[in-house]
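Accompanying notes for the structure given below.
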Protein chains: 2
Amino acid sequence: MKATIYDIAREAGVSIATVSQVINGKGKISEKRRAEIMEIMERLHYQPSAIAAALTGKQTYTLGLLVPDISNPYFAELARAVEDRSRQLGYSVVICSTDNKDERVERYLNLLQQKRVDGMMIGTGIDNAEILSPLLQQSMPVALIARHMPALSVHTVTIDDRLGGSLAAQHLLELGHTRLAVLSEPSKVSSSQERVRGFREALNKAGHLLEPIQIRESAADLASAKQEALRLLGEQNYPTGLFCCNDIQAIGALQAAKELGLRVPHDVSIIGFDDTILASVTNPPLTTVAQPIEDLGRHAVDLLIDELKDGLQDEQTAAQKIVLKPELVVRDSAGQAPAVQGK
Amino acid sequence: MKATIYDIAREAGVSIATVSQVINGKGKISEKRRAEIMEIMERLHYQPSAIAAALTGKQTYTLGLLVPDISNPYFAELARAVEDRSRQLGYSVVICSTDNKDERVERYLNLLQQKRVDGMMIGTGIDNAEILSPLLQQSMPVALIARHMPALSVHTVTIDDRLGGSLAAQHLLELGHTRLAVLSEPSKVSSSQERVRGFREALNKAGHLLEPIQIRESAADLASAKQEALRLLGEQNYPTGLFCCNDIQAIGALQAAKELGLRVPHDVSIIGFDDTILASVTNPPLTTVAQPIEDLGRHAVDLLIDELKDGLQDEQTAAQKIVLKPELVVRDSAGQAPAVQGK
DNA sequence: TTGAAAGCGCTACCAC
DNA sequence: GTGGTAGCGCTTTCAA
């Protein structure tokens with residue numbers, strides 16, 4: 001079977017305590033012994049059991065990451081950022097796709113608790129904020145990523161979604177668009193709501209609310225977005241400026257436009273959100289509001305790990321709120337509004 | 001602190017053995033006691049420690065998945081498939097991005113062993129097959145995904161890469177292309193080599209090897225692929241038919257062609273591989289060889305878990321080899337060869 | 001510098 | 001049906 005600390009100790013003719021010391025580089029062991037023991041561990045392919053160590057009070061050095069769907073490029077890129085930072089700091093991460101279902105979220109939360117992860121990052125939409133409170137009560141470090149949850153006192157790293165929405169609005173306005181619409185995610189996704197809000201606010205502020213804005217919702221997948229966009233752009237007075245709450249929806253809109261024979265950006269301008277790899281490969285390349293995905297992931301990990309360290313001295317670390325700035329990335333999917341809006 | 005089995009036992013006035021039984025639904029406990037204990041566990045938000053359980057011989061119900069880069073849509077989609085199947089079967093998965101570096105692979109392998117995962121899936125390229133043998137010796141269940149490793153006796157689930165390559169070749173041939181090239185991944189990625197091989201074999205078999213085929217290598221990222229494609233398509237007698245070993249490289253080629261003023265597919269035809277979400281959002285949409293990604297992931301998980309079950313009776317399960325079939329998905333990036341090849 | 005021993009939380013076997 | 005108890009592999013005092 002697998003070698004244990006006992007095997008090493010026996011082989012080296014020392015006690016397991018000594019072996020433990022050299023494993024952890026603690027205590028005072030003579031250089032000779034240390035080298036000897038190291039050699040034996042190597043020879044026996046000994047891998048200390050992190051599980052047993054965790055049982056004695058050490059951390060598991062494992063973090064949980066909940067996202068709606070790891071196959072969605074945005075979350076895949078986020079996961080990569082989280083993983084990279086975690087690895088640098090000596091942690092691994094368990095990734096969980098929830099499909100934005102509370103029931104799945106809850107099951108994963110319990111599972112991760114049972115596995116005694118050291119902290120959890122939540123990048124998934126949650127209807128009922130209450131399902132997080134048990135975690136907080138047990139002082140499990142939690143960080144929300146790109147999610148707003150005002151009711152809870154929990155670490156949060158977000159982008160300024162309203163700013164993002166307003167960036168999109170300004171751009172469309174500058175291009176002369178007056179007939180605007182928004183394709184948003186279901187209302188449980190709070191960040192989308194904020195983006196829509198920022199979009200409207202910018203319009204209002206500019207006094208440009210010439211015509212009522214259409215706001216449509218669709219699920220996160222391409223097909224749903226395309227379908228909704230097909231409906232929207234298929235209408236008599238279709239909008240010439242369309243802001244989508246993420247790149248996938250924008251691509252759905254792009255495809256819908258194409259299918260309807262509408263040229264982008266000649267007939268309709270489309271702006272996405274996120275700036276995932278997808279935005280750079282579409283035709284035309286997508287003008288989109290870029291999230292600093294890497295920073296989001298890094299900060300989330302850092303918040304967790306800082307808390308793990310501090311937690312030892314300081315009982316209750318205050319919930320930190322980090323807000324990062326999105327940026328408009330201009331590519332080719334948004335252009336001048338058509339001179340005469342196909343009336 | 002966190003409630004333990006002792007807290008529950010004390011609260012219920014029973015022994016921990018009894019509580020353990022109800023947790024695991026084993027043994028004979030009176031319905032009344034069982035309900036009572038359940039109620040208490042609920043009330044105290046008790047989550048049994050999977051770590052402690054694992055230490056007593058139970059599994060950890062955690063699997064490891066090594067891929068080059070989780071932010072690459074192909075691996076993200078694969079990870080989703082793996083995760084879904086794992087969840088169905090009661091396992092969670094730790095995802096590790098290796099960037100195809102052996103050193104990273106080795107560190108992750110050790111880490112996962114220390115965490116006592118129940119099995120590992122390897123979807124990453126490995127130069128030195130030897131770094132897997134310690135795992136096999138310790139009878140750690142391992143499954144290779146979409147990787148060939150003939151030297152090792154280990155479960156493998158792959159697609160028929162040669163068939164995939166030949167599918168691409170046939171298509172290009174049928175479209176009348178004679179000046180062909182391949183953009184492949186570094187040679188350590190065995191699946192790419194097989195694709196190239198299938199491509200050449202199909203050409204040879206068709207007796208169509210009119211002009212020597214250019215074979216170029218590039219790293220897996222978009223930028224490198226684009227750069228290499230720029231060189232390739234910028235040459236005097238650039239190929240009119242280009243087969244790329246994955247979708248990202250194909251997109252790099254698409255972008256290179258655009259930059260060079262070459263129209264796709266009018267001037268140059270491009271075929272990708274994988275059929276990730278990327279293939280459907282490019283312009284023109286990418287003709288590509290589709291992998292059954294979901295099946296790959298599912299089979300890999302099943303192989304591991306079957307071995308975990310069998311392992312209890314049967315000492316040495318034979319290494320299974322599952323080979324799935326790729327399919328050509330025709331979209332718009334490959335068309336008739338130009339009548340006169342720009343000489 | 002090193003070792004003995006008391007846990008960590010849980011499972012499983014054996015008594016009662 | 002239920003409880004006592006010996007580990008699982010490791011960390012960590014406390015002595016020596």
Side-chain angles (χ1 to χ4, degrees), chain A residues 1-38 40-41 44-62 110-118 138 312, chain B residues 1-38 40-41 44-62 110-118 138 312:
Chain A
M1 260 314 291
K2 234 174 163 355
T4 74
I5 199 173
Y6 288 98
D7 300 320
I8 306 299
R10 189 176 335 105
E11 190 77 8
V14 300
S15 76
I16 60 166
T18 304
V19 177
S20 177
Q21 314 249 68
V22 351
I23 291 174
N24 298 289
K26 288 186 178 173
K28 272 104 191 36
I29 308 289
S30 67
E31 209 28 74
K32 182 158 165 290
R33 270 220 191 303
R34 158 167 268 110
E36 223 172 271
I37 293 177
M38 299 271 262
I40 294 177
M41 297 197 295
L44 270 48
H45 296 295
Y46 170 65
Q47 300 282 5
S49 164
I51 270 182
L55 197 53
T56 71
K58 282 182 109 174
Q59 297 181 25
T60 55
Y61 292 98
T62 304
N110 289 338
L111 205 70
L112 292 174
Q113 275 194 277
Q114 298 183 181
K115 299 207 169 163
R116 297 295 186 266
V117 298
D118 298 325
Q138 295 174 44
L312 304 178
Chain B
M1 262 315 290
K2 234 175 163 355
T4 74
I5 198 172
Y6 288 98
D7 300 319
I8 307 300
R10 188 177 338 104
E11 190 78 9
V14 300
S15 77
I16 61 166
T18 304
V19 177
S20 177
Q21 314 247 68
V22 351
I23 292 173
N24 297 288
K26 288 187 178 173
K28 271 107 193 32
I29 307 290
S30 68
E31 209 30 73
K32 181 159 164 289
R33 271 219 188 308
R34 156 166 269 109
E36 223 173 271
I37 293 177
M38 298 271 262
I40 293 175
M41 295 197 298
L44 269 49
H45 295 298
Y46 171 66
Q47 299 282 5
S49 164
I51 270 182
L55 197 54
T56 71
K58 282 182 110 175
Q59 298 181 24
T60 55
Y61 293 96
T62 304
N110 289 337
L111 205 70
L112 292 172
Q113 273 193 279
Q114 297 183 184
K115 298 207 171 164
R116 297 294 187 267
V117 299
D118 298 326
Q138 295 173 45
L312 305 178

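Throughout, protein chains are lettered first and strands after them, A, B, ... in sequence-line order, and every chain is numbered starting at 1.
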Subject >> Angle of first-five versus last-five pair axes in the helix from C/dT1-D/dA16 to C/dC16-D/dG1, to 10 degrees >> reply: 40°
Protein-nucleotide distance ([X], atom [atom1]; [N], atom [atom2]), rounded to Å:
| X | N | atom1 | atom2 | result |
| --- | --- | --- | --- | --- |
| A/Glu31 | C/dT2 | CD | C1' | 16 Å |
| A/Asp7 | D/dC10 | CG | C1' | 13 Å |
| A/Gln113 | C/dC10 | CD | P | 13 Å |
| A/Glu36 | C/dT1 | CD | P | 15 Å |
| B/Lys32 | D/dG1 | NZ | P | 13 Å |
| A/Gln59 | D/dT11 | CD | P | 14 Å |
| B/Ile51 | D/dT11 | CD1 | P | 13 Å |
| B/Tyr46 | C/dG9 | OH | P | 10 Å |

Subject >> Option passing side-chain contact (heavy atoms from CB on, under 4.5 Å) with B/Val14 (candidates B/Gln21, B/Glu36, B/Arg33) >> reply: B/Arg33
Original post:
Given that B/Ser30 and B/Arg116 both sit by DNA chain D, which one's nearest nucleotide is further toward the 5' end?
Top reply: B/Ser30
**OP:** Give, for atom OG1 of B/Thr18 and atom CZ of B/Arg34, the distance between the pair rounded to the nearest 0.5 Å.
**Re:** 10.5 Å
Original post:
Of B/Thr4 and A/Thr18, whose nearest nucleotide on DNA chain C comes first from the 5' end?
Top reply: A/Thr18
Subject >> Contact letters for nucleotides 11-16 of chain C, in which S counts primed atoms plus P, OP1 and OP2 and B counts the base, heavy atoms under 4.0 Å >> reply: BB----
Please give me the minimum heavy-atom distance between [X] and [Y], naming the atom from each residue.
| X | Y | result |
| --- | --- | --- |
| B/Tyr46 | B/Ile8 | CB-CD1, 3.7 Å |
| A/Arg116 | A/Thr60 | O-OG1, 2.7 Å |
| A/Lys26 | A/Ile29 | O-CG1, 4.3 Å |
| A/Ala9 | A/Ser15 | CB-C, 3.8 Å |

**OP:** Answer with yes or no whether the side chains of A/Lys115 and A/Thr62 bring together a donor and an acceptor at under 3.5 Å.
**Re:** no
**OP:** May I ask you to verify if any side-chain N or O of A/Arg33 is less than 4.0 angstrom from the OP1 or OP2 atom of C/dT1?
**Re:** no
**OP:** Quick one: do B/Ile5 and B/Ile23 satisfy side chain to side chain contact (heavy atoms under 4.5 Å, CB included)? Show the steps, please.
**Re:** CA-CA 10 Å; B/Ile5 198 172; B/Ile23 292 173; 4.1 Å; yes
**OP:** Any chance you could lay out the side-chain hydrogen bond (donor to acceptor under 3.5 Å, both in side chains) test for B/Gln113 and B/Gln138, step after step, and finish with the verdict?
**Re:** CA-CA 10 Å; B/Gln113 273 193 279; B/Gln138 295 173 45; 3.1 Å; yes
Subject >> Listed nucleotide nearest any side-chain atom of A/Val14, set C/dG3, D/dG9, D/dT2 >> reply: C/dG3
